[in-house]
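A quick write-up on the structure given underneath.
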Amino acid sequence: ARVHPHSNPRALDASHHDAGRRPLSAEIHNLSPRRAPSPDRATMQEHHRILEGLIRGKSLTELQALHSHFLLAIQQNHGTAHAMNIVGTSLQWLATACSGSTGSLAVHPQGVREPPVMMQETNVQLVIARRWQAACDKALRVPDPWEPFGLRKLPLQRAQRRRWDLRAGTWLASELLARVERQPFAKGSMRVCHRMRAEPRGLNWVAKRYETELDSLAALEVDVMMQMRAKDYAERFNACAPPKQVDFLEASMVHLEGVDFAVEAFLVGSFAKHSNNAGFVADDVVRHTPHAFAHFTFEAASAEEIVVDIQGVDDLYTDPQIHSANGSKRYGRGDMGSRGIALFFASHRCNSVCRQLKLAHFSHAPMPGDSLAATECRTPRGPRLVGRGEFGDQVFRLPSGAQPLVITPPRSSFILGVDDQQQEDGPAKAKMYASVHQALAMLHARQVQAGAEFIGQNVLASPAQGMYHLRAAAALGSVSSMLALGCLHLQIRPRKGVLRALSTSLQQPLVLDEAAALPYIISAAERGVSSAMAAAAHAFAKGLGCTPSAALAVRWYRAALAARSAADGSAAEESNEDEDQGSRLPGGGVAEHEMLASLASLYENGGSGLAANPQISWQFYLLARSCARRDEEASMLVDEDGSSNE
């Protein structure tokens with residue numbers, strides 16, 4: 001077992017004096033702050049003589065009554081807990097005595113019978129003391145791994161140490177004495193490592209510094225802050241009672257002789273790397289805890305960041321990397337943003353620890369052979385296949401005479417969580433993953449377009465996978481994914497044109513399907529995209545992919561006009577991008593006066609649930625003419641300003 005140097009300093013320091021070590025009973029003595037004074041040997045002998053006189057010649061019934069009186073006296077004088085502890089300890093001693101074929105108490109050389117251990121201390125304290133004693137003995141027998149390098153002979157120098165207080169958000173400074181090697185013993189692509197020894201405790205530290213970084217101090221501080229944040233996530237992970245707890249080494253800054261180092265304790269043992277900055281790292285043994293911990297940090301951070309690059313000895317980790325979803329490079333050059341988060345989930349498969357922690361299941365596209373649930377439907381326009389999956393019914397039209405064949409996702413826990421009991425909070429929790437699915441769709445699209453084989457380590461680029469993640473993002477509320485799917489089903493180039501590589505590279509490329517596009521357009525319209533509202537109104541007015549409905553067309557035209565009136569110049573950038581993409585849809589980019597004219601025409605003709613109303617129609621015609629004149633004048637003013645500037 002590994003002993004952390006900061007776990008119990010008093011026990012470890014006391015164990016250094018091996019020659020003058022006190023007996024175990026004395027150590028147990030110190031572990032009991034509320035212990036009554038132990039009786040001396042003469043008193044114990046007197047107690048034994050009294051007990052022998054009481055039990056001699058008594059029947060079992062009399063002994064049982066005597067035993068009950070003893071327990072009652074203990075309960076009244078010391079409490080029920082101590083009485084129960086004595087009963088439990090007596091049973092344990094009796095089982096041990098029977099297994100050893102002895103029916104009497106152990107006898108000291110002096111002839112005094114040894115009472116059960118509970119007469120002196122509780123069993124728990126005894127176990128703790130013995131374990132600490134064994135750990136101290138083992139720690140003393142372990143040789144110093146850096147002894148051969150002669151660090152004790154190096155000059156002792158005064159240094160300043162700074163620790164990052166995550167709660168307060170400040171650095172805490174202190175002084176220390178240290179010895180450091182001049183030449184590094186290890187070298188990476190960006191950093192080098194020196195051996196450092198902190199005195200007077202003789203702690204072995206690994207001191208890291210950047211060799212080529214221009215602003216090395218800022219970069220080192222980011223590394224330390226990042227590791228301490230990962231340590232905070234580890235504490236929150238452990239609070240959820242996982243099968244195995246994890247921890248990160250404490251990192252700090254040390255300034256010595258004009259050089260800044262990031263230092264941490266030297267790990268002794270078999271070092272393993274469980275993941276890197278770009279996802280999973282294949283290993284001989286794939287462990288669940290490191291990957292479940294990374295998944296946990298994503299949800300603990302509310303999808304704002306994730307801790308990856310998990311590595312260390314057993315479950316004591318070091319040197320992590322954090323990816324931030326906003327792409328701000330907050331965590332240094334290794335922060336890959338949303339792309340790094342997506343690459344982790346591209347290779348992550350939820351395991352038993354993820355399920356125990358009730359983390360939302362991250363779904364991947366099914367592979368051939370997975371269970372299917374599909375039915376064939378006949379329509380006047382030819383055969384269709386309705387695939388019933390976790391994203392609802394999906395309709396696929398097949399060529400005449402073609403056999404229906406489709407791979408649809410089996411009913412899984414992607415949205416609703418791992419079981420039916422999580423249906424209420426499952427969808428809200430899973431919505432955090434919409435951006436991850438969208439980023440994965442973009443990764444697949446770029447690599448498919450470039451003809452690359454992989455999007456990450458051991459993750460194949462696939463148009464089917466990309467389309468799956470794009471639909472998953474739309475199902476979880478990603479408006480840009482909804483609009484992109486609407487464009488793809490209408491054979492229109494979406495705002496992010498690279499996504500067309502997915503629809504055109506499928507074994508059965510997407511064809512023009514207005515009925516498949518309309519649900520995505522309506523979903524975007526319901527989320528406040530005015531251009532999608534106008535496109536939905538146009539579809540209902542013309543019967544594109546649906547039965548014509550004047551009432552629904554009027555509803556969406558009015559909603560689009562209201563949304564445009566409420567919009568101002570301070571609209572969010574993401575909303576502007578969605579509006580731009582929605583304007584690519586048929587009827588989505590119409591001007592305000594064109595929508596007013598369409599409303600006038602609908603009220604004039606009526607039908608499909610809308611009663612004709614010439615008066616309202618005439619009012620909309622007047623508004624359309626006024627709005628068109630205003631737009632024309634504004635355009636002329638812009639042209640005049642442009643000419644004058646030239």
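Every value quoted in this text rests on a predicted model; they were computed, and no experiment measured them.
- You'll find the side chain of Pro242 stays beyond 4.5 Å of the side chain of Gln356, heavy atoms only.
- Atom CG in Asp223 sits 7.5 Å away from atom NZ in Lys208 (nearest 0.5 Å).
- Between the side chain of Gln449 and the backbone N or O of Val498, no donor-acceptor pair lies under 3.5 Å.
- Here Arg182 pairs with Glu257 under the salt bridge (Lys or Arg N to Asp or Glu O under 4.0 Å) rule; sequence neighbours left out.
- Scanning both residues, Leu267 and Gly312, for their nearest heavy atoms gives CD1-CA, 4.3 Å.
- Contact check for His469 versus His364: side-chain heavy atoms found under the 4.5 Å cut-off.
- Looking only at side-chain heavy atoms (C-beta outward), Glu299 and Tyr433 come within less than 4.5 Å of each other.
- In this structure the side chain of Ile455 reaches within 4.5 angstrom of the side chain of Leu440, judged on heavy atoms.
- Residues Val224 and Ala251 come closest through the heavy atom pair CG1-O, 3.5 Å.
- Closest of all the heavy-atom pairs between Asn277 and Gly334 is ND2-O, 3.8 Å.
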Quiz item: Checking side chain to side chain contact (heavy atoms under 4.5 Å, CB included) for the pair Phe454/Val459: CA distance, chi angles, key distance, verdict?
Solution: CA-CA 5 Å; Phe454 297 95; Val459 180; 5.5 Å; no

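- Listed here is the closest heavy atom pair of Ser252 and Arg163: CB-CG, 4.0 Å.
- Atom NE2 of His78 and atom CD1 of Ile86 lie 7.5 Å apart (nearest 0.5 Å).
- Counting heavy atoms of neighbouring residues, nucleotides and ligands inside a 6.0 Å radius, atom NZ of Lys329 exceeds 12 of them.
- Between His437 and Phe362, the ring planes are parallel. Angles under 30° get that label, and only those over 60° would be called perpendicular.
- Smallest separation of non-hydrogen atoms from His291 and Ser275: CE1-CB, 4.4 Å.
- Put simply, the side chain of Gln321 never gets that close to the backbone of Ala278: no donor and acceptor are under 3.5 Å apart.
- Heavy atoms of other residues, nucleotides or ligands lying less than 6.0 angstrom from CD of Gln183 number 12 at most.
- Within a 6.0 Å radius of CZ in Arg349, other residues, nucleotides and ligands contribute more than 12 heavy atoms.
- Side-chain contact between Phe296 and Arg236 is present, with at least one heavy-atom pair separated by less than 4.5 Å.
- In this structure, CG on Leu177 lies 10.0 Å from CG on Leu256, to the nearest 0.5 angstrom.
- A donor-acceptor pair under 3.5 Å is absent between the side-chain atoms of Glu264 and the main chain of Val206, judged by distance alone.
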Practice problem: Test Phe266 against Trp146 for ring-ring contact (aromatic ring centres under 6.0 Å, His included), laying out the working first. | Solution: CA-CA 10 Å; Phe266 175 68; Trp146 285 0; 4.7 Å; yes

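- The CG atom of Leu357 lies 6.0 Å from the SG atom of Cys240; values are rounded to the nearest 0.5 Å.
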Exercise. Please step through side chain to side chain contact (heavy atoms under 4.5 Å, CB included) for the pair Arg179 and Glu199, ending with a clear verdict.
Key: CA-CA 8 Å; Arg179 312 174 195 269; Glu199 302 294 356; 3.2 Å; yes

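- Electrostatic pairing of Asp247 and Lys231 counts as a salt bridge here, judged by a charged N lying under 4.0 Å from a carboxylate O.
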Exercise. List the steps, then state whether side-chain hydrogen bond (donor to acceptor under 3.5 Å, both in side chains) holds for Ser324 with Glu304.
Key: CA-CA 6 Å; Ser324 54; Glu304 293 297 326; over 6 Å; no

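- Side-chain contact between Cys354 and His348 is present, with heavy atoms from C-beta onward closer than 4.5 Å.
- In plain terms, the two heavy atoms of Thr289 and Tyr317 that are nearest each other are CG2-OH, 4.3 Å.
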Exercise. Determine, step by step, whether Tyr210 and Asp260 satisfy the side-chain hydrogen bond (donor to acceptor under 3.5 Å, both in side chains) criterion, reporting the C-alpha distance in whole Å, the side-chain angles of both residues, the deciding distance to 0.1 Å, and the verdict.
Key: CA-CA 9 Å; Tyr210 281 90; Asp260 291 292; over 6 Å; no

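- The shortest side-chain heavy-atom distance between Arg229 and Leu166 falls under the 4.5 Å cut-off.
- Note that the CG atom of Asp137 and the CH2 atom of Trp132 stand 12.5 Å from one another [nearest 0.5 Å].
- The distance between the ring centers of His295 and Phe345 falls below 6.0 angstrom.
- To the nearest 0.5 Å, atom OG of residue Ser435 and atom CG of residue Asn326 are 11.5 Å apart.
- Between Asp319 and Arg191 a salt bridge is recorded (basic side-chain N to carboxylate O distance below 4.0 Å).
- No side-chain donor from either of Thr318 and Gln311 sits under 3.5 Å from a side-chain acceptor of the other.
- In this structure, the side chain to side chain contact (heavy atoms under 4.5 Å, CB included) partners of Arg162, at least two apart in sequence or on a different chain, are Gln160, Trp171, Ala173, Leu217, Glu221, Met253.
- Proximity of Leu249 to Leu316: side-chain heavy atoms (C-beta onward) are separated by under 4.5 Å at one or more points.
- Arg209 forms no cation-pi arrangement with Phe261, by the criterion of a distance under 6.0 Å to the ring centre and an angle within 45° of the ring axis.
- Asp165 and Thr170 are not linked by any side-chain donor-acceptor pair at a separation below 3.5 angstrom, with hydrogens and angles left out of the test.
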Practice problem: Start with the C-alpha gap between Glu175 and Arg161, add the side-chain angles, then the distance that decides, and say whether salt bridge (charged side-chain N to carboxylate O under 4.0 Å, His left out) holds. | Solution: CA-CA 6 Å; Glu175 300 291 330; Arg161 184 185 186 189; over 6 Å; no

Practice problem: Go through the steps for Glu211 and Met190 under the test side chain to side chain contact (heavy atoms under 4.5 Å, CB included), then give the verdict. | Solution: CA-CA 6 Å; Glu211 192 174 29; Met190 295 185 295; over 6 Å; no

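- Under a 4.0 Å N-O distance rule, the pair Arg197/Asp144 qualifies as a salt bridge.
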Practice problem: Could you give me the CA-CA distance, side-chain angles and deciding distance for Asn204 and Arg195, then say whether side chain to side chain contact (heavy atoms under 4.5 Å, CB included) is met? | Solution: CA-CA 7 Å; Asn204 291 334; Arg195 294 185 181 89; over 6 Å; no

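- Judged purely by distance below 3.5 Å, without hydrogens or angles, the side chains of Tyr468 and Ser462 never pair a donor atom with an acceptor atom.
- Remark: Arg167 engages Asp232 in a salt bridge, criterion side-chain N to carboxylate O under 4.0 Å.
- Between Glu305 and Tyr233, the side chains place a donor N or O and an acceptor N or O closer than 3.5 Å (distance only, hydrogens not considered).
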